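Worth knowing before you read on, the calculation uses all heavy atoms, side chains too, and leaves out hydrogens, waters and symmetry mates. Since we're looking at a predicted model, the values are computed, not measured.
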Amino acid sequence: MSKTFKALVVNKTEEDFSVNVESLSMDDLPEGDVTIRVHYSSVNYKDGLASIPKGNIVKSYPFVPGIDLAGVVMTSGDSRYKEGDKVIGTSYELGVSHYGGYSEYARVPAEWVVPLPEKLTMKEAMTFGTAGFTAALSIHQLEKNGLTPEDGPVLVTGATGGVGSMAVSMLAKRNYDVIASTGKESEHEYLKKLGAKEIISREDVTPDKIRPMGKQRWAGAVDPVGGKTLAAVLSHTQYGGSVAVSGLTGGGDVPTTVFPFILRGVNLLGIDSVYCPKDLRVTLWDRMATDLKPDGLNDIQNEVSFNELPQTLSDILAGKARGRTVVNILE
């Protein structure tokens with residue numbers, strides 16, 4: 001095992017803030033049951049926030065971001081994992097208060113790790129990452145509440161983002177008619193390639209004036225946007241339909257009424273991928289390797305090297321990202 005290794009380190013002092021690829025030693029890693037040689041990580045909006053001084057993500061400095069990782073177990077103090085096992089680590093405190101995946105080595109609690117499914121490569125797992133897991137959990141909960149392809153179309157907001165792109169492609173794989181909403185006209189062909197049957201503008205979903213109840217347009221929705229968009233989505237959801245909300249890029253305040261809930265029986269499903277129970281987490285990763293694995297998974301991802309990370313993190317905060325960005329830690 002290397003005495004020193006590369007990691008992306010963010011540091012904040014009273015005078016300065018820096019984001020640099022630096023050398024660390026094994027002694028720099030936090031405590032944990034499992035030490036992993038990281039092969040791939042990914043880029044999420046939360047990672048972008050961790051790379052700026054006022055992102056309100058990182059608890060203490062210096063710090064290694066990266067809320068996702070896939071790699072090979074080097075050592076384990078837990079009987080469930082042994083040297084050579086391929087594993088995935090996402091969520092919990094990884095990349096938030098515990099050194100994350102932007103590092104050649106990581107040490108984490110065993111509870112944060114799940115086995116890599118046989119039908120999934122490590123790169124594919126990071127193409128999914130937290131965004132894909134969140135999309136899978138959203139679809140799982142919608143179907144648990146009765147949603148089927150026969151019920152009608154399903155809306156996906158923020159469709160070119162990480163969660164949105166994954167949701168569009170997963171729903172299409174499950175034979176749903178997907179309505180993709182985006183504010184980027186240049187990305188229509190990309191969304192059609194992912195499987196969207198219809199593409200509508202952000203303004204079509206969220207007009208300036210949102211009615212408490214509008215025309216019933218979709219049987220369900222995956223919404224990583226929140227805010228006014230969520231209020232508008234609820235007002236157009238069919239009787240008995242469900243909306244799975246997982247994000248707040250559109251804000252935390254939702255200017256809605258009780259009418260969609262008490263007059264149409266609409267269900268609002270909160271999606272938390274961070275502390276999702278491990279049994280369900282394993283089930284979902286198995287589904288992501290099988291019935292929720294899009295045929296064009298590679299079309300959703302682009303790959304960057306370790307040294308490209310600082311610029312990539314800046315791009316995701318600026319809204320320039322499309323789909324999923326995989327970080328090749330081995331390069």
Side-chain angles (χ1 to χ4, degrees), residues 34 36-47 66-73 81 84-91 94-95 100-104 106 108 112-140 156 159-174 178 190-191 193-196 222 224 246 273 276 278 280-306 308-309 312 316 321-331:
V34 184
I36 301 165
R37 176 62 167 100
V38 182
H39 286 221
Y40 292 96
S41 185
S42 72
V43 178
N44 302 276
Y45 192 78
K46 187 181 284 188
D47 300 317
I67 64 172
D68 295 335
L69 64 84
V72 177
V73 173
Y81 303 101
D85 285 350
K86 295 178 180 179
V87 295
I88 303 165
T90 62
S91 308
L94 189 68
Y102 295 164
S103 175
E104 291 183 310
V108 300
W112 297 5
V113 176
V114 298
L116 180 76
E118 288 186 5
K119 295 182 180 180
L120 210 58
T121 68
M122 286 186 278
K123 184 175 180 179
E124 288 173 335
M126 290 298 93
T127 300
F128 282 120
T130 290
F133 183 82
T134 302
L137 181 56
S138 299
I139 295 168
H140 179 84
V156 177
T160 61
V163 176
S165 294
M166 282 295 174
V168 169
S169 56
M170 288 178 176
L171 286 164
K173 172 77 175 193
R174 297 280 293 159
V178 183
Y190 166 71
L191 291 171
K193 192 173 182 180
L194 295 187
V222 174
S246 61
S273 60
C276 175
K278 184 161 183 173
L280 178 55
R281 191 176 293 273
V282 171
T283 296
L284 288 175
W285 277 107
D286 286 341
R287 287 195 66 185
M288 290 155 69
T290 52
D291 69 297
L292 286 177
K293 184 178 182 181
D295 296 329
L297 186 60
N298 286 333
D299 296 331
I300 305 171
Q301 66 88 27
N302 65 90
E303 183 178 315
V304 299
S305 68
F306 221 136
E308 293 175 284
L309 254 178
T312 305
I316 197 169
R322 181 180 82 169
R324 296 284 294 146
T325 298
V326 175
V327 185
N328 189 335
I329 302 297
L330 292 177
E331 283 193 346

Problem set entry | Atom NZ of Lys123: over 12 foreign heavy atoms under 6.0 Å |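 Yes - once you tally the heavy atoms of other residues, nucleotides and ligands closer than 6.0 Å, there are more than 12.
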
For [X] and [Y], which heavy atoms make the closest approach, and how far apart are they?
X: Ser91; Y: Ser273; value: OG-O, 3.1 Å
X: Ala321; Y: Ile316; value: CB-CG1, 3.9 Å
X: Ser42; Y: Tyr102; value: O-OH, 2.7 Å
X: Ala159; Y: Val168; value: CB-CG2, 4.1 Å
X: Gly164; Y: Pro224; value: N-CG, 4.4 Å
X: Thr134; Y: Ser246; value: CG2-CB, 3.5 Å

Would a distance-only check, ignoring hydrogens and angles, find a side-chain to backbone donor-acceptor pair under 3.5 Å from [X] to [Y]?
X: Asp286; Y: Thr283; value: no
X: Ser41; Y: Asp68; value: yes
X: Lys278; Y: Val113; value: yes
X: Ser169; Y: Pro294; value: no
X: Arg281; Y: Cys276; value: yes
X: Arg287; Y: Ala136; value: no

Taking side chain as C-beta onward, heavy atoms only, is [X] less than 4.5 Å from [Y]?
X: Val327; Y: Val43; answer: yes
X: Val87; Y: Leu116; answer: no
X: Val38; Y: Glu104; answer: no
X: Leu280; Y: Leu137; answer: yes
X: Pro115; Y: Tyr81; answer: yes

Problem set entry | Salt bridge flag under 4.0 Å for residues Arg174 and Asp291 |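 Counted as a salt bridge, because a side-chain N and a carboxylate O are separated by less than 4.0 Å.
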
For this session: Could you tell me whether Glu124 and Lys293 have a side-chain N and a carboxylate O separated by less than 4.0 Å?
Result: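 Looking at Glu124 and Lys293, the cut-off is met.
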
Pairwise distance [atom1]([X]) to [atom2]([Y]) - rounded to 0.5 angstrom:
X: Thr127; Y: Asn302; atom1: OG1; atom2: CG; result: 9.5 Å
X: Ile300; Y: Lys193; atom1: CD1; atom2: NZ; result: 10.5 Å
X: Thr160; Y: Arg322; atom1: OG1; atom2: CZ; result: 8.5 Å
X: His140; Y: Met288; atom1: NE2; atom2: CE; result: 12.5 Å
X: Leu330; Y: Arg37; atom1: CG; atom2: CZ; result: 5.0 Å
X: Asn44; Y: Thr130; atom1: CG; atom2: OG1; result: 5.0 Å

Exercise. What's the verdict on side-chain contact (heavy atoms from CB on, under 4.5 Å) for Thr290 and Trp285, showing C-alpha distance, side-chain angles and the deciding distance?
Worked result: CA-CA 9 Å; Thr290 52; Trp285 277 107; over 6 Å; no

Problem set entry | With Leu69, the side chain to side chain contact (heavy atoms under 4.5 Å, CB included) member among Leu94, Ile329, Ile88 |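 Answer to the side chain to side chain contact (heavy atoms under 4.5 Å, CB included) test with Leu69 among Leu94, Ile329, Ile88: Leu94.
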
For this session: Show your working on side-chain contact (heavy atoms from CB on, under 4.5 Å) between Thr90 and Ile67 and close with a plain yes or no.
Result: CA-CA 6 Å; Thr90 62; Ile67 64 172; over 6 Å; no

Problem set entry | Step-by-step side-chain contact (heavy atoms from CB on, under 4.5 Å) determination, Met122 to Val72 | CA-CA 9 Å; Met122 286 186 278; Val72 177; 4.2 Å; yes

Exercise. Is the charged tip of Arg324 near the ring of Phe128: under 6.0 Å from the six-membered ring centre and within 45° of its axis?
Worked result: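 No, Arg324 does not lie over the aromatic ring of Phe128.
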
Problem set entry | Residue from Glu308, Glu303, His39 passing side-chain hydrogen bond (donor to acceptor under 3.5 Å, both in side chains) with Asn328 |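 One option only clears the test, and that one is Glu303.
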
Exercise. Is there a donor in the side chain of Ser165 and an acceptor in the side chain of Tyr190, or the other way round, less than 3.5 Å apart?
Worked result: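 There is such a pair (donor and acceptor under 3.5 Å, judged by atom type) between the side chains of Ser165 and Tyr190.
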
